[in-house]
Peer 1: 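The structure is given below, and queries will be raised subsequently.
As the structure is a computational prediction, the values presented were derived from the model and not from experiment. Convention: sequence-line order gives letters A, B, ...; per-chain numbering from 1. The basis for the numbers below is simple: all heavy atoms, side chains too, and nothing from hydrogens, waters or symmetry mates.
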There are 2 protein chains.
Amino acid sequence: MKVEKISELTVNRLSVYLRCLNEMRARGDETVSSQALADRYNLNSAQIRKDLAYFGEFGVRGLGYNIDELRAHITKILGLDSPHRIGVVGAGNLGTALANYDGFSPQNFVVVGLFDSDPSKIGKRLPNGVAVSDIANFSLIAEQQKIDIAAIAVPARAAESVLDTILEAGVQAILNFAPLRLKGPPGVKIKHVDLLVSLEALSYFLAGPESAAPDAVLASEMDEAF
Amino acid sequence: MKVEKISELTVNRLSVYLRCLNEMRARGDETVSSQALADRYNLNSAQIRKDLAYFGEFGVRGLGYNIDELRAHITKILGLDSPHRIGVVGAGNLGTALANYDGFSPQNFVVVGLFDSDPSKIGKRLPNGVAVSDIANFSLIAEQQKIDIAAIAVPARAAESVLDTILEAGVQAILNFAPLRLKGPPGVKIKHVDLLVSLEALSYFLAGPESAAPDAVLASEMDEAF
DNA sequence: AATTGTGAATTCCTTCACAGCC
DNA sequence: GGCTGTGAAGGAATTCACAATT
């Protein structure tokens, strides 16, 4: 494994590849070439090979990649072999939806706490058993529950103060849904999921003279983020 | 206004600038320099100037930009001066949260329809008055309600078929939350909001030898997304 | 004096194209 | 023959640095 700096874009694509491989595996395929992957999912085969080659030689020349093996490698690279425990701050529509969402568990993510400052919400329990805790206890519960990722799902005006609370608790990975640019200290990673940015890009496309960019692939977070 | 092709990244940033300007305006500032904007929000001043200069000369040398004026320009550029009407497909946790979300309206986005195929959900009404309609009627309602943006908030296995429905109805701008890469025809814009990609990038960061990339700015989108 | 708008320089990312291997 | 891994080429995006402007 090389010590070269890996770009965020490469990391995001690994995540996409993993999803594609899961799908192919579910269909019963056991082996795949970068070309076949690229064709099926509108990717570039050289890019797939290059992305993977940063981390090792996972393929066999002439044959391609063994799907199960490659899935295991990417899972390891992305740190998905050990579970991640998420604390969601903000028990509004979005926060509650996140805490209820069942699409995380297959990838070893689990929501273990939901936090709010509203007394009328604190103490309530979601269908899946997650209870709403007082944000004042975030630090305590984060430690008890070994929360390593925090999601900020509060209105923009509350986001800065929530960020401070999260940082004080020592959580270093943050997913921010509030529509503003939060800045963390070095050593802390903040990923922004900004729905307004995405919607406004769609609006730009619709408003465009004839059409801003008629390509349908690539992402937010890739951009982005997406 | 130039006819050069504008990159998606530039468009995403315009959206961010708009949010920053709104915040500064709310504080009472009337004028701002690219340097001041950059300092406050961890951006690059040359990039701000370049992004804006694609669309016109909005600043005054020696003085900077008038905030209200610039907000109006960006609003116009992004097509936010006329309202956008969103149809959300999938009345699960996420879809319902989106339809209830009140952060869209300030930017001229309004959710006018929520769709599902589950008979037990059809006919129900959200607190804000949005009713759940049968996805079978999507095309009809999309036309009646002048839906111009569709959001896909269904499980991955249902996403392709929902996409077909949306395309048949003639909607050309789509926000996809399902964790798979959808491909649309030319002339249709699909933006992906992939929470698993974002979470997995955080996981990679946490797993990293010492830390993958200790910069806290940029997006998913932005890409990525935001 | 301050700040924009922009060509030039730089850095980063993607794609090509092929040597090397199975 | 088919496919990977990768150096080299090409293309894009960012940042620098300064002439132009108020």
Peer 1: State plainly whether the residues A:Glu23 and A:Arg27 are in salt-bridge range, i.e. N to O under 4.0 Å.
Peer 2: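 Looking at A:Glu23 and A:Arg27, the cut-off is met.
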Peer 1: Expressed in angstrom and rounded to an integer, what is the separation of B:Asp51 atom CG from D:dA12 atom P?
Peer 2: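 Spelled out: CG on B:Asp51 to P on D:dA12 is 17 Å.
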Peer 1: Whole Å only: how far is the CG atom of B:Leu9 from the C1' atom of D:dT15?
Peer 2: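 The answer, rounded to whole Å, is 15 Å.
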Peer 1: Take atom CG of B:Leu70 and atom C1' of C:dT4, then tell me their distance rounded to the nearest Å.
Peer 2: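 Interatomic distance, CG of B:Leu70 to C1' of C:dT4: 13 Å.
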Peer 1: Side chains of B:Gln35 and B:Asp39 only: does a donor on one sit below 3.5 Å from an acceptor on the other?
Peer 2: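 Present: a donor and an acceptor within the cut-off.
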Peer 1: Is it the case that the side chains of A:Asp81 and A:Thr75 hold a donor-acceptor pair, with the cut-off being a distance below 3.5 Å and no angle test?
Peer 2: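 Absent: no donor and acceptor within the cut-off.
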Peer 1: In whole angstrom, what separates B:Asn66's CG from C:dA2's C1'?
Peer 2: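 It is 17 Å, rounded to the nearest whole Å.
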Peer 1: Check each of A:Val89, A:Ile152, A:Ile135 against A:Thr165 using the side chain to side chain contact (heavy atoms under 4.5 Å, CB included) test, and report the only one that passes.
Peer 2: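 Looking at A:Val89, A:Ile152, A:Ile135, the match for A:Thr165 under the side chain to side chain contact (heavy atoms under 4.5 Å, CB included) is A:Ile135.
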Peer 1: Need one value for B:Ser7: base, sugar-phosphate or nothing, where a base atom within 4.0 Å counts as base even if backbone is also close, heavy atoms only.
Peer 2: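 Here B:Ser7 touches the backbone only, sparing every base.
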Peer 1: Report which part of the nucleic acid B:Ser34 touches: base, sugar-phosphate, or nothing (heavy-atom distance under 4.0 Å, all strands).
Peer 2: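 Contact class for B:Ser34: sugar-phosphate only.
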Peer 1: Just by modelled atom types, is the B:Leu78 backbone N or O under 3.5 Å from a matching donor or acceptor in the A:Ser203 side chain?
Peer 2: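 Answer holds: yes.
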Peer 1: Can you give one letter per nucleotide of nucleotides 16-22 of chain D, going 5' to 3': B for a protein heavy atom under 4.0 Å from the base, S for sugar-phosphate only, - for none?
Peer 2: BB--BBB
Peer 1: Taking only N and O in the side chain of A:Tyr65, is any of them less than 4.0 Å away from OP1 or OP2 of D:dG5?
Peer 2: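 Result: yes.
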Peer 1: Take the protein atom CD of A:Glu69 and the nucleotide atom P of D:dT4, then report the distance between them rounded to whole Å.
Peer 2: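 Spelled out: CD on A:Glu69 to P on D:dT4 is 13 Å.
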Peer 1: Nearest to the A:Arg13 side chain among C:dT6, C:dT14, D:dT15, which nucleotide is it?
Peer 2: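 For A:Arg13, the side-chain atoms sit closest to C:dT14.
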Peer 1: Do any side-chain nitrogens or oxygens of B:Gln35 fall under 4.0 Å of OP1 or OP2 in C:dT3?
Peer 2: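 No, B:Gln35 has no side-chain N/O under 4.0 Å of OP1/OP2 on C:dT3.
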Peer 1: Got a donor-acceptor contact below 3.5 angstrom from the A:His73 side chain to the A:Leu52 backbone?
Peer 2: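 Not at all, since once roles are kept as given, no pair shorter than 3.5 Å links the two residues.
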Peer 1: Determine whether a donor-acceptor pair (N or O, by modelled atom type, separation under 3.5 Å) exists between the side chain of B:Asp194 and the backbone of B:Pro179.
Peer 2: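 A pair under 3.5 Å: no.
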Peer 1: What is the separation between atom CD on B:Glu8 and atom P on C:dC13, rounded to the nearest whole Å?
Peer 2: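 Rounded to the whole Å, the gap is 17 Å.
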Peer 1: How many whole angstroms separate atom CD1 of B:Ile6 from atom P of D:dT14?
Peer 2: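 After rounding, the gap between these two atoms is 13 Å.
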Peer 1: Which whole-number value in Å describes the distance from A:Lys5 NZ to C:dC12 P?
Peer 2: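 Distance check: A:Lys5 NZ to C:dC12 P gives 7 Å.
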